[in-house]
Structure formats: structure tokens, C-alpha cells
Amino acid sequence: TMAHSKALLVLENFIAGKFVPCSSYIDSYNPSTGEVYCRVPDSGKEEMEAAVKAAKAAFPVWSSKSPLERSQILNKLADLIEHDLEAFAQAESKDQGKTITFARTVDIPRAVYNFRFFASSILHHTTECTEMATMGCMHYTSRAPVGVAGLISPWNLPLYLLTWKIAPAIACGNTVVAKPSEMTSVTAWMMCKLLEKAGVPHGVVNVVFGTGTKVGEALVCHPDVPLISFTGSTLTAQQITEKSAPHCKRLSLELGGKNPAIIFDDADLTQCIPTTLRSSFANQGEICLCTSRIFVQRGIYSEFLKRFVAEAKKWKVGNPSDPTVDMGALISKEHLEKVRSYVKKAQGEGARVLCGEGVDSLALPTGNQKGYFMLPTVIAEVKDESCCMQEEIFGPVTCVVAFDTEEEVIERANSVKYGLAATVWSSNVGRVHRVAQRLQSGLVWTNCWLVRDLNLPFGGVKASGIGREGAKDSYEFFTEVKTITIKH
Ligand code: NAD
């Protein structure tokens with residue numbers, strides 16, 4: 001009906017500094033009610049062509065600005081997003097299903113910080129110089145932006161992960177075409193409204209909305225986009241690698257995980273239990289860094305399990321806009337079904353579901369009955385070979401298993417295809433160093449989780465990705481280096 005369609009939020013692509021409508025649209029759902037509330041452009045090749053053209057045209061001027069000029073613009077943009085923090089947080093929570101508390105304290109503050117961080121770090125890079133005195137030569141390196149950067153981001157931390165790419169790309173002097181997830185496009189669209197006021201010249205940041213297979217692929221295959229920074233699933237990364245191969249594109253791939261927590265019997269459980277609950281269930285378990293395999297040393301296994309399950313049962317699941325709620329809705333109906341199917345499979349294999357899905361009942365407020373909710377779920381007595389211990393579930397499901405020795409647990413922790421993040425809990429400093437060194441993982445947190453210094457590399461090994469992001473790493477990825485030799 002007209003009344004219904006009037007109420008819908010309709011997004012537009014942002015190309016060459018202007019909002020432009022699209023000829024067709026995709027429905028976007030509010031995960032906490034199950035209702036369509038927004039229409040997202042279903043862009044294709046034509047829209048991508050226009051966006052790349054705009055980015056290419058903006059490159060000569062933007063790339064020749066000084067780092068300080070670009071830095072000031074990034075800081076201004078950070079200020080503008082921060083000024084609207086509450087509106088951004090509300091929008092992110094509604095669009096993604098995450099709690100308003102998480103959006104307020106994690107997603108949007110980090111998006112602001114991404115711009116501030118790269119506004120600062122871009123001012124402090126140095127290049128290398130070597131001398132060959134006997135040859136009368138010195139060599140030095142110089143770095144220049146690459147051109148039009150293609151940026152593709154997922155739905156779990158929408159603005160957070162998109163700005164983690166936009167900020168370093170434009171700080172380095174590139175222009176960008178960004179493609180957010182079709183399921184969470186709203187905050188990217190809101191950010192576009194602030195670009196002009198921040199002083200970002202037209203065409204420097206272009207955002208084209210739509211699906212991965214249509215407009216995402218158009219970006220990956222575009223001959224004038226020499227570089228793709230992608231965060232998402234391992235399967236999509238394989239497709240991107242294949243499609244971009246004929247063009248020899250530079251790729252950064254931040255992918256999935258099957259992250260272990262290793263808890264030794266000398267761990268401080270008063271710290272370990274609340275942190276491991278967060279690392280398992282924060283953002284509905286929809287963070288690439290979430291723990292989904294918990295290895296507990298035999299001596300404390302039953303005590304850990306008892307306390308962990310008791311605390312998991314206390315998590316309040318419901319309306320994401322209620323600030324007392326700990327866990328919101330999953331991203332989509334399909335994803336909820338997929339996550340649930342893992343719990344069923346585990347039960348079929350003889351594992352025990354100690355709390356959550358299929359065990360406890362979930363009481364939802366009337367307005368949220370059709371939302372995509374599930375309870376924090378803990379599975380025990382599951383075999384290492386089980387799909388629940390091997391595949392990324394990407395929901396509020398975690399498996400707890402016992403181990404005996406350090407040697408054994410390292411081998412078991414490493415026996416998955418992924419290698420993104422691990423946590424190690426022990427009060428023995430020698431042990432945490434030994435174990436951290438031997439884990440096949442891009443990140444290891446000991447006695448903590450998700451404490452990040454953006455200066456240092458972020459990224460995974462094995463099926464969790466290729467390349468790293470961070471102050472120096474993103475600078476290197478988003479610039480091309482040249483070695484120049486001077487003979488006197
Ligand atoms: P996804 O791979 O389905 O989609 C990610 C993005 O790629 C979306 O914008 C999508 O539209 C696009 N896309 C899909 N197919 C494409 C194609 N053929 N060509 C070009 N683009 C395409 O991932 P998702 O479901 O949105 O996100 C969840 C995944 O992301 C999980 O595996 C999670 O672990 C991973 N993730 C990784 C990190 C990290 O930093 N390592 C961070 C967050 C999420």
C-alpha cells in the first residue's frame with residue numbers, strides 16, 4: 001500500500017558527491033521485528049561504471065594534497081560522525097539487530113576513531129634509505145597512492161569495518177568506491193551525507209549499494225580498480241581472488257575464524273569467565289574474533305563449565321533498543337536457521353547442549369516475536385572433528401571441551417583450517433609465551449580479549465586471510481613503493 005511504502009527508508013547511491021537513485025531496489029529487514037523497513041539500491045555494472053569514473057576523475061587532485069590537508073579533512077569527518085553518534089548508533093542497531101549499547105560503545109566510537117587514528121598516523125610515516133659508499137650511490141624508497149581503491153565490507157560491524165578501510169585508503173591519497181553489505185547499508189549512506197561538510201571533495205568517496213554477486217563483482221572485475229580490500233567470508237574471498245586474477249589486482253582479505261580459547265588450570269576464572277562469555281556471545285557471536293572452541297584443562301573443567309553456563313543463562317536476549325539487553329537479533333532469518341542447524345547437528349552427534357537453543361525457552365516482547373533471536377548456547381562433549389568444532393558458525397554458539405597437556409591443546413587448537421584469533425588464559429608467564437608462539441593465528445590475546453592497538457597488524461593466517469591492516473600495514477597496502485637510486 002502507499003502508506004506502507006511511504007514509511008520505508010529509501011537509500012541512494014553516492015557518486016561524484018551526489019545522491020543518485022537506482023532503477024531497482026532490494027528489501028532490507030529490521031532483524032528484531034522481521035519487517036522490511038528499508039530499500040537498498042540494487043546496483044549493477046552501470047552504477048559501478050559511474051562510480052569508478054568519478055573516483056578516477058577525483059584522483060589527481062586528491063592524491064596531490066599534502067598529508068596534513070587530508071588529515072584535517074579526516075578529523076573533521078570524525079567530529080561530524082561523533083556529533084551524530086546517537087543517530088548512527090540507533091540506525092546501526094535497527095539495521096543490524098545488535099544492541100543499542102554495543103552500537104553506542106563499540107561500533108560508532110570505533111568508526112570515529114578509525115578516521116582520527118589514520119588522520120594522525122598518516123603524518124608519521126618515514127621511508128627507507130641505504131647507502132653504497134663505494135659505488136657512490138644512495139637508495140631511497142618513496143610511496144605514492146595506488147589509484148581507485150575498491151572496498152567491500154560485511155554486515156556484522158557495518159560502519160566500523162567500512163571506515164577501517166575508507167580512512168587509510170583516503171588518508172594515503174587514494175580515491176575509493178565502497179560496497180557495504182546489502183543487509184546493512186544505512187550507516188554508510190548516513191556517512192555520505194557528512195562528506196561534503198567535512199571537506200571531502202566530490203568523487204573521493206563513492207558508495208554503491210547492492211548485492212555481492214552483482215555490484216560487488218562489477219567492482220572486483222573493473223579494470224580501473226587496481227586494489228581490493230575485502231572483509232567477509234572465506235568462500236567469497238575465493239570468488240574474488242578468481243575474478244580478479246586476470247587483472248593481477250592487489251588484494252587484502254580479512255576472513256572468517258574458528259577461534260580457540262585455551263584455559264589452563266592456573267587461570268584466574270574471575271577474569272576468564274566474564275571475558276570468555278563476551279568473547280563467545282558479544283554482538284550475538286557475530287564477530288570474526290569470537291571464541292567458538294573453548295579448551296579447558298581437565299582439573300578445572302567441571303567447575304568452569306558450571307560457572308560458565310550459569311552466567312550464560314543470565315544473558316538477557318530481546319529488543320536491541322532496550323539498554324538492559326545483552327544480546328540482540330541475528331542478521332537474517334536464513335542466518336538464524338543456519339546457526340540453529342549447527343546445534344541440531346551437534347545433538348545428532350551425541351553432544352550435550354547445556355543451555356540455550358532447544359533447551360531453554362526464550363520469552364520475547366510482543367513487538368519482537370518475529371525477530372531473529374536465539375539464546376546464548378553452550379555445547380559440551382563435542383568431538384574435535386564435528387562440524388561445530390571445524391566450521392565458522394558466526395552466531396551465539398560455543399563449544400567447551402576438556403584437555404590434559406599443553407602439547408595436546410596446541411595441536412588441537414591448530415587443527416582447523418582457520419587462524420584468525422586465539423585467547424590463552426594462564427597465570428604462568430612462560431607458558432603464555434610458549435603457547436602464543438606456537439598457535440597458528442594472526443592474533444593471540446592472553447588473559448584478555450579484543451584489546452586492540454590499531455598501530456599493530458590485524459589479520460589472519462591460513463583460511464582466515466591474506467595481508468594485514470594497521471597503521472603501517474594499511475599504509476603499505478594502500479600505497480605503491482618505488483626504490484630510487486642516486487649516484488653522485
Ligand atoms: P560475505 O562474504 O557473504 O559478504 C561480505 C561482502 O562481500 C558483502 O558486502 C557482500 O555483498 C560481498 N560479496 C559477496 N559475494 C561477492 C562477490 N562474489 N564479489 C564481490 N563481493 C561479494 O560475508 P558476510 O556474511 O557479510 O560476513 C560474515 C563473514 O565475514 C564471516 O565469515 C566473518 O568471519 C567475516 N569477517 C571477517 C572479519 C575480519 O576482519 N577477518 C571481520 C568481520 C567479519
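Whatever order the structure lists them in is the order used to number ligands and atoms, beginning at 1.
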I need the nearest protein heavy-atom contact for atom 40 (O) of ligand 1: residue, atom name and distance, please. Phe458 CE2, 3.3 Å

Note: heavy atom closest to atom 5 (C) of ligand 1, options Tyr418, Phe230, Trp155, belongs to Phe230

Return the closest protein heavy atom for atom 39 (C) of ligand 1 as residue, atom name and distance. Cys288 SG, 3.3 Å

Provide the number and element of each atom of ligand 1 under 4.0 Å from a heavy atom of Lys179. 8 (C), 9 (O), 10 (C), 11 (O)

Nearest heavy-atom approach of Cys38 to Val186 is SG-CG2, 3.9 Å

Counting only heavy atoms from other residues, nucleotides and ligands, does the tally under 6.0 Å from CD of Gln369 exceed 12? yes

Just wondering, more than 12 heavy atoms not from Lys249 lying within 6.0 Å of its NZ? yes

Contacting atoms of ligand 1, where contact means under 4.0 angstrom from a heavy atom of Gly256: 32 (O), 34 (O)

Calculate, to the nearest 0.5 Å, the distance between atoms CG and CZ belonging to Leu364 and Phe373 respectively. 5.5 Å

Subset of ligand 1 atoms that lie under 4.0 Å from at least one heavy atom of Glu182: 10 (C), 11 (O)

Polar side-chain atom of Asn206 near backbone of Gly203 as donor-acceptor pair, under 3.5 Å: yes

I'd like to know if the side chain of Lys214 reaches the main chain of Lys45, judged simply by a donor and an acceptor atom lying under 3.5 Å from each other, with no hydrogens or angles considered. no

Protein contact of atom 19 (N) of ligand 1 - nearest heavy atom, named by residue and atom, plus distance: Gly212 O, 3.5 Å

Pair Phe117 and Trp164, ring centroids less than 6.0 Å apart: no

protein heavy-atom neighbour closest to atom 27 (O) of ligand 1 works out as Pro154 CB, 3.3 Å

Protein contact to atom 20 (C) of ligand 1 [nearest heavy atom, distance to 0.1 Å]: Gly216 C, 3.4 Å

Sub-4.0 Å heavy-atom contact, Pro180 with ligand 1: yes

How close does the nearest protein non-hydrogen atom get to atom 18 (N) of ligand 1, and which residue and atom is it? Gln239 OE1, 3.3 Å

Which residue and atom name correspond to the protein heavy atom nearest atom 23 (O) of ligand 1, and how close is it? Ser233 N, 3.4 Å

Examine Thr234 against ligand 1 and note whether any of their N/O atoms are separated by less than 3.5 Å. no

Only heavy atoms count here, so choose which of Gly232, Ser153, Gly150 is nearest to atom 6 (C) of ligand 1. Ser153

Determine whether the aromatic ring centres of residues Trp155 and His335 are separated by less than 6.0 angstrom. yes

Under 4.0 Å from any heavy atom of Asn156, which atoms of ligand 1 are there? 43 (C), 44 (C)

Enumerate the atoms of ligand 1 whose separation from the nearest heavy atom of Leu420 is less than 4.0 angstrom. 41 (N)

Report the nearest protein non-hydrogen atom to atom 34 (O) of ligand 1: residue, atom name, distance rounded to 0.1 Å. Glu392 OE2, 2.6 Å

Cation-pi, Tyr475 ring and Arg143 (6.0 angstrom, 45 degrees): yes

Glu92 and Lys98 ion-paired at < 4.0 Å: no

NZ of Lys345: more than 12 outside heavy atoms within 6.0 angstrom? yes

Run the numbers for me: atoms of ligand 1, each under 4.0 Å from some heavy atom of Leu161, listed by number. 42 (C), 43 (C)

